Amino acid sequence: MDSQQQGHQHGPAGHAHGHGGGHGHGGGHGHGQVPAADFDWDAMAAHLELEADLRADAVTEAGRWLSGLAGDGAVRRVLDVGAGPGVIAGLLAEVFPAAEVVAVDQSAALLERARARSGGRLGTQQADLPEEFDKLGEADLIWSGNAIHHLGDQQAALGALAGRLRPGGLLAVAESGLPARYLPRDFGLGRPGFQARMDAANEDGFAAMRAELPDTTEEIEDWPAMLRRAGLRPGGTRTFLVDHPAPLTGPFREYLHTRLVRRHDQLTEVLGAEDRATLEVLIDREAPRGILRRSDAFYLSAMTVHVGRRD
Ligand SMILES: C[S@@+](CC[C@H](N)C(=O)[O-])C[C@H]1O[C@@H](n2cnc3c(N)ncnc32)[C@H](O)[C@@H]1O
C-alpha cells in the first residue's frame, strides 16, 4: 500500500501514509464503528500480497536478525499480528523452520489466503483486536507490521502483546521507516516534488484515519520508549532497505498503478490542479508516460523494526 513507508495506508485506497507499507485502515478493524464504505481488507488482499512481496528480502533479513537476538532454538512459537494475507508470516516460517508460526488477523478471508498459500505450514487465528488479545496464546516472538496503527490505543496494544510473550521472548514492531519513492526527481510531468506533496496529503489522511478509531489516543510515536513502557527491555532498532531498481517487473508496476489509482480517488480534492493532472497521466494505462509503460519506475523504501525483550 502506499504505505509508503511501507506501511501507512489509511484507506481503502491505500493511502499510504508514508510508512512503509500500507496502512490500511478501516473496515477491517473489527470494531464495527467504522463506516462500511471505509475499507474492505479482503478486496485489498492481492495488493497487500504484492506489497509484502516487495519487502520480502527486507523481512527475511529482519527475521535473521531476530533469530540471532533470540538465540539458537529459543523460538518455538511465532505470532504475526495483523498478518493480512500471510506473506510475511510465510517468510518468518522459513527463517524459523522449527517453530509453529501463526498468522493473526481480524479478516477470516485474508487468513484463508494465508492458510491456502502456505499449504498448511501456517496456523491462523482470527482475532478482533484489541478485544480479543486473549485468543493469541503465548509466543517466543511476536512480529507486527503496519497493524498496530489500526488500533486506537497503540500503547495499550503493545502492553497486551508484551503480556503474551514468554520469558526472554521478543516483540518486533515494524511501524515506521521511509516513504517509498518510485520515480526520479524530474519525471517529465508537472513540477518536481510531486511525490513529497502526495506523501504530505497522505499523512493528513492517515491522521484523520487515526482520529476516527475507537478509543483513539494521541501518542508520540517513539516506539523504543513505548516498548519500554510496555515493560520490555530495549532489544534494538534496525532499518532494512527495500530496493527494486528500474525496470520494475510487471506485478510491481501493477502494484504502483493500483496505489496511484487509490491515491487519485482519495486525494483528488486536496491535490493542486497540476498534481492532479500528473496523477491522471501516471494512472492512464495507455499513456507512454503512465506508470505501467515508463522505463524509469522503481521502488525504493525502508522498513524499520523496533524490538523489545521480556525479561
Ligand atoms: C496494512 S495491513 C498489514 C499486513 C501485513 N502485516 C503487512 O505488513 O504486509 C494491516 C492488517 O491489520 C489487520 N487489522 C487491522 N485492524 C485490526 C484489528 N482491529 N484487529 C485485528 N487485525 C486488524 C488488517 O485486517 C490487515 O490485514
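Since the structure is predicted, the reported quantities are computational estimates derived from the model, not experimental observations. Indexing begins at 1, ligand by ligand and atom by atom, following the structure's order. Note that the numbering runs from 1 along the sequence shown for the chain.
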J.: Let me see the working for H244 and F252 under ring-ring contact (aromatic ring centres under 6.0 Å, His included), right down to the final yes or no.
T.: CA-CA 9 Å; H244 299 276; F252 289 162; 5.0 Å; yes
J.: Run the ring-centre check on H47 versus Y255 and record whether the distance is less than 6.0 Å.
T.: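 Between H47 and Y255, the centre distance is under 6.0 Å.
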J.: When E138 is tested against each of R77, R164, R166 for salt bridge (charged side-chain N to carboxylate O under 4.0 Å, His left out), which residue passes?
T.: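 Result: among R77, R164, R166, R166 is the only option passing the salt bridge (charged side-chain N to carboxylate O under 4.0 Å, His left out) with E138.
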J.: Are any of the N/O atoms on G82, whether in the backbone or the side chain, positioned under 3.5 angstrom from an N/O atom of ligand 1?
T.: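 Min N/O separation from ligand 1 is below 3.5 Å for G82.
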J.: Out of all atoms in ligand 1, which are within 4.0 Å of some heavy atom of I88? Include the element for each.
T.: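 The atoms of ligand 1 under 4.0 Å from a heavy atom of I88 are 7 (C), 8 (O), 9 (O).
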J.: Are any of the N or O atoms of L129 closer than 3.5 Å to those of ligand 1?
T.: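 Indeed, backbone or side chain, L129 has an N or O that close.
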J.: Under the salt bridge (Lys or Arg N to Asp or Glu O under 4.0 Å) rule, what do E218 and R210 come out as? Steps first, then yes or no, please.
T.: CA-CA 9 Å; E218 282 191 25; R210 282 213 41 84; over 6 Å; no
J.: Looking only at distance, does D105 have an N or O less than 3.5 Å from an N or O of ligand 1?
T.: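 Yes, since at least one N or O of D105 sits under 3.5 Å from an N or O of ligand 1.
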J.: Measuring from non-hydrogen atoms of M44 to any atom of ligand 1, is the shortest distance under 4.0 Å?
T.: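 Contact check M44 vs ligand 1: negative.
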J.: Hey, which atoms in ligand 1 end up nearer than 4.0 Å to a heavy atom of L110?
T.: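 Those atoms are 27 (O).
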J.: What are the atoms of ligand 1, with element, lying closer than 4.0 Å to any heavy atom of N146?
T.: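 By the 4.0 Å cutoff, the relevant atoms are 1 (C), 2 (S), 3 (C), 8 (O), 10 (C).
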J.: For ligand 1, find out whether one of its N or O atoms is nearer than 3.5 Å to an N or O atom of H149.
T.: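 No.
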J.: Judging by distance only, is a nitrogen or oxygen of G145 under 3.5 angstrom from one on ligand 1?
T.: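 Yes, at least one N or O pair falls under 3.5 Å.
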J.: What I want to find out is whether R64 reaches E61 closely enough, with some N-O distance under 4.0 Å, to be called a salt bridge.
T.: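 Salt bridge: no.
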J.: Go through ligand 1 atom by atom and flag the ones less than 4.0 Å from a non-hydrogen atom of L151.
T.: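 Within the 4.0 Å cut-off of L151, ligand 1 contributes 18 (C), 19 (N).
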J.: Taking only heavy atoms of A127 into account, list the atoms of ligand 1 that are under 4.0 Å away from them.
T.: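 By the 4.0 Å cutoff, the relevant atoms are 20 (N), 21 (C).
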J.: Quick one: do R191 and E274 make a salt bridge, cutoff under 4.0 Å?
T.: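 Salt bridge: yes.
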J.: Verify whether one side chain among E175 and H306 offers a donor that lies under 3.5 Å from an acceptor in the other.
T.: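 On atom types as modelled, these side chains do not qualify, holding no pair under 3.5 Å.
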J.: Counting each atom of ligand 1 from 1 as listed, which ones have a heavy atom of G84 under 4.0 Å away?
T.: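 Answer, ordered by atom number: 27 (O).
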J.: For R309, does its backbone N or O pair with a side-chain atom of R233 as donor and acceptor, under 3.5 Å?
T.: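 No, because the side chain of R233 does not come within donor-acceptor range (under 3.5 Å) of the backbone of R309.
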